[in-house]
Protein chains: 4
Amino acid sequence: MTEPAKSRAPAPSRIQRRNRKRILDAALDVFSQHGYRGATLDQIAESAGLSKPNILYYFAGKEEIHATLLHQLMDTWLEPLRQIDPEGEPLDEILTYMQRKLEMSQHFPRESRLFANEILQGAPRIGPLLDGELKPLFDASAAVIDGWSRAGAIASVDARHLIFSIWATTQHYADFDAQIGVLMGGDDATEGAGLFLTGLYRRALAPGAR
Amino acid sequence: MTEPAKSRAPAPSRIQRRNRKRILDAALDVFSQHGYRGATLDQIAESAGLSKPNILYYFAGKEEIHATLLHQLMDTWLEPLRQIDPEGEPLDEILTYMQRKLEMSQHFPRESRLFANEILQGAPRIGPLLDGELKPLFDASAAVIDGWSRAGAIASVDARHLIFSIWATTQHYADFDAQIGVLMGGDDATEGAGLFLTGLYRRALAPGAR
Amino acid sequence: MTEPAKSRAPAPSRIQRRNRKRILDAALDVFSQHGYRGATLDQIAESAGLSKPNILYYFAGKEEIHATLLHQLMDTWLEPLRQIDPEGEPLDEILTYMQRKLEMSQHFPRESRLFANEILQGAPRIGPLLDGELKPLFDASAAVIDGWSRAGAIASVDARHLIFSIWATTQHYADFDAQIGVLMGGDDATEGAGLFLTGLYRRALAPGAR
Amino acid sequence: MTEPAKSRAPAPSRIQRRNRKRILDAALDVFSQHGYRGATLDQIAESAGLSKPNILYYFAGKEEIHATLLHQLMDTWLEPLRQIDPEGEPLDEILTYMQRKLEMSQHFPRESRLFANEILQGAPRIGPLLDGELKPLFDASAAVIDGWSRAGAIASVDARHLIFSIWATTQHYADFDAQIGVLMGGDDATEGAGLFLTGLYRRALAPGAR
DNA sequence: CATGAATGAGATTTCATTCAT
DNA sequence: AATGAATGAAATCTCATTCAT
């Protein structure tokens, strides 16, 4: 007995799923490198190995592909923040959070650049998501950290700026990779970044530090 | 008593200077907000209050306007780095440098975003400048700071990553302003940023810190 | 029994072939009449009955259409020269060659004008073809004729200038048609041209003529 | 005693005459090389060493410069034809005419190309001149030559096609110079052309030739 | 006489999207 | 599910000409 067709939302076939993935992957490449306006459907189609009209069979338009990417991104992006354990050892929690963010930058540089591009241009397409998804989580996390700070478990800092600084320093390795590549010559920045940032935040957040 | 016109170099008239300034200012607006590809001459012309062909009377094309902005930017951008005094008090020098960079982000957010946009997309147009102008200065400054670090005048850090972190944290306030605006609600980030970063780097760089 | 499609080379569809032909035909009209710079894609599109972007769907740009025409032209253009038979009766061979060139002028005046336009402006786009394709054939043909001349089979002439004169006199009827139309009043120049040129070259090349 | 200003047509000053000459000379360069549509006022102004508006102070527009050149050209161009002496020795007269035309091509190649360009495009701007100036002279000259031909003073030829052939062969050395340069390698075509054409027409027109 | 400044009309080309199958 | 063909809208840039002095 086969399932009766309940809704008209056709269950996506394997091919459909595979093609959507291909398109999104190609689009991530292209959008993260050229920005929204600089990217063309031709480039995406070429990179995905599909025809242009076929791209538009799966997505209503350029905008929708971009929006889909940003939505998918958001979940991944916020995951580390969610994992901060208010009951954990404060300094460890923060350092671990920083480390996770750094790893995300290193493993998902395209996502980082896609996000940076969007914010840089005033978040014209992601604005609502920031307010709806990011802000509550941000506020909650900042409250936790502020609690630690006031309790003397870490140095006295403004939690919101602390979070900003962690975002900035970790994402920098993805977003400004072109500059880092030039300035580091042949040296790899990956390992040094982790060591440096760990030391930086450990010293800066050590409870009792002046 | 005015200077007699000695040289035959076609001294730009007052109108020329004014219009070039207008154009560059308008272009800075537009490029920093939409990126190179997203910006249109129409927008620039509109914003400059000049006709489109008139824009092209002053600059050979879109690319030249962009290049001019990036070149002008570079000088301003590197100035704080040049002002680090190898003979100064190490911690002060670094904190002052950070403070200057932060002020630049706050006073020249458009320039910061223009630069970020360019790097984000792989520095396709500014690449040579990075290698020719930025790298030597970067290497020299890093050497000075590394000297201080090895001498124990500041905590033991990798100077190159320290500089990256200063760039990242200070520029973040300009480049990610759209996000910060949402997350800070109505609060102004300006003052808090300075206090936070000063504290962060003071503690992290204090000599003798573990 | 049709050929099975074996190769994966993107065989141009019937529509493709038809449209490319239309475009090239329209472009030949326009280019031969207005020259490269004087021709516009608008005119070509209008004349081809296609939209302007559709023209650019088939050819990468104005330049490519022009180049395609010139390349196609070259083959046709050189055919009569290739047909000179070194073993044939010399005077006949030359007169037949002249006659063929004259017929080409009369049947393909647009091609002749396209070519003339290009050479007139210094062969900026066809230069390499002249050197690579035309010159070897020209040299070979001149050598044959020079052989005949030295052997006394025709009058003593410089073969290279003889060829130039044949080109000049025959192509003149296509290239300077506008002038000829005015000067001949209503009379048709076609028949007279053949008779005149045949007589001219027969007398001028007759062996033994002083 | 100076001339009283009689008419309001201001007598052209020395500077005016010099500048008009400069402009026409520059325009001849540019028009003959790029054709009417391909030429730009910028190029002409640059080549003349004058500003663009100043060009337009002397001539009402691009069209007028072109028209002026064509009118000036016509006189020079027709001069050799006028010099054919109906009372002279027929063969000499024709050979001398051919020689003069050839010299004109060699001394004034730009004029030849300007004219060729115009005719090639259907004589859109010189049409009336052909009908008004050239045709009467052409008809008269053809009548003279036809008289000689019928009288047996030269071989029996159609005078009109004879004139066309002389035009074609002589102008070819100016108009198709780019092609001739390639095909002659380093050799100079000047001298050979005269010898060849003299021989060609002498033999072809010798009275009594079959 | 001369020119720096400005522009409207138009040229080539790009690109997201739609059509037709 | 897929694609070759087609296009309207818009972007960059050119150029003859005009303005204002």
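Note on naming: letters A, B, ... go to the chains in the order of the sequence lines (proteins, then strands), and numbering restarts at 1 for each one. Hydrogens, waters and symmetry mates are skipped; everything else that's a heavy atom, side chains included, is used.
For the helix from E:dA2-F:dT21 to E:dT21-F:dA2, the axis fitted to the five pairs at one end and the axis fitted to the five pairs at the other end meet at an angle of 30° (nearest 10 degrees).
A straight line from CD1 of C:I15 to C1' of F:dT3 spans 12 Å, rounded to a whole angstrom. The interatomic distance linking D:I44 (CD1) with F:dA16 (C1') rounds to 11 Å, in whole Å. Protein atom CD of C:E64 is 14 Å distant from nucleotide atom C1' of E:dT12, rounded to whole Å. Between the CD atom of A:E46 and the C1' atom of F:dT3 there is a distance of 15 Å, rounded to whole Å. For the pair D:H34 NE2 and F:dT14 C1', the computed distance is 15 Å after rounding to whole Å. Remark: P of F:dC13 and CD1 of B:I55 are 12 Å apart, rounded to the nearest angstrom. Computed from coordinates, the C:F59 CZ to E:dT12 P distance equals 15 Å when rounded to whole Å. As a whole-Å value, the separation of B:R17 CZ from E:dG4 C1' is 14 Å.
Few gaps surround CD on C:Q72; more than 12 heavy atoms of other groups in view lie less than 6.0 Å from it.
Note on C:Q16: every side-chain N or O is 4.0 Å or more away from OP1 and OP2 of F:dG4. Dashed line: the shortest gap from a side-chain N or O of D:N19 to OP1 or OP2 of E:dA2 is under 4.0 Å. Applying the 4.0 Å criterion to OP1 and OP2 of F:dA5, one finds that C:Y57 has a side-chain N or O inside that range.
C:E118 places a side-chain N or O within 3.5 Å of a backbone atom of C:R125 that can act as its donor or acceptor partner. A donor-acceptor pair under 3.5 Å links the side-chain atoms of B:Q43 to the main chain of B:T40, judged by distance alone. A donor-acceptor pair is defined here as one N or O able to donate and one able to accept, closer than 3.5 Å; such a pair exists between the side chain of A:S32 and the backbone of A:D29.
For the pair D:K62 and D:Y36, the distance from NZ or CZ to the six-membered ring centre is under 6.0 Å and the angle to the ring normal is within 45 degrees.
One C1' atom belongs to E:dC1, the other to F:dA20, and the distance between them is 15 Å to the nearest Å.
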Sequence-aligned protein contact record of nucleotides 15-21 of chain E, with B where the base is within under 4.0 Å of a protein heavy atom and S where only the sugar-phosphate is: SBBB---

Derivation and outcome, salt bridge (charged side-chain N to carboxylate O under 4.0 Å, His left out), residues B:D25 and B:R110: CA-CA 10 Å; B:D25 191 66; B:R110 298 179 306 171; 3.0 Å; yes

Where do D:N19 and D:Y58 land on the side-chain hydrogen bond (donor to acceptor under 3.5 Å, both in side chains) test, with the steps shown first? CA-CA 8 Å; D:N19 279 351; D:Y58 288 98; 3.0 Å; yes

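When all heavy atoms are compared, the tightest approach of B:A26 to B:S47 is CB-OG, 3.4 Å.
Which of E:dA5, E:dC1, F:dA2 sits closest to the side chain of A:N54 comes down to F:dA2. When distances are taken from the side chain of D:Y58 to each of E:dT3, F:dA5, E:dC1, the shortest belongs to E:dC1.
Checked against C:I65 for a side-chain contact (heavy atoms from CB on, under 4.5 Å), the options C:L70, C:V30, C:L56, C:L41 give a single hit: C:L41.
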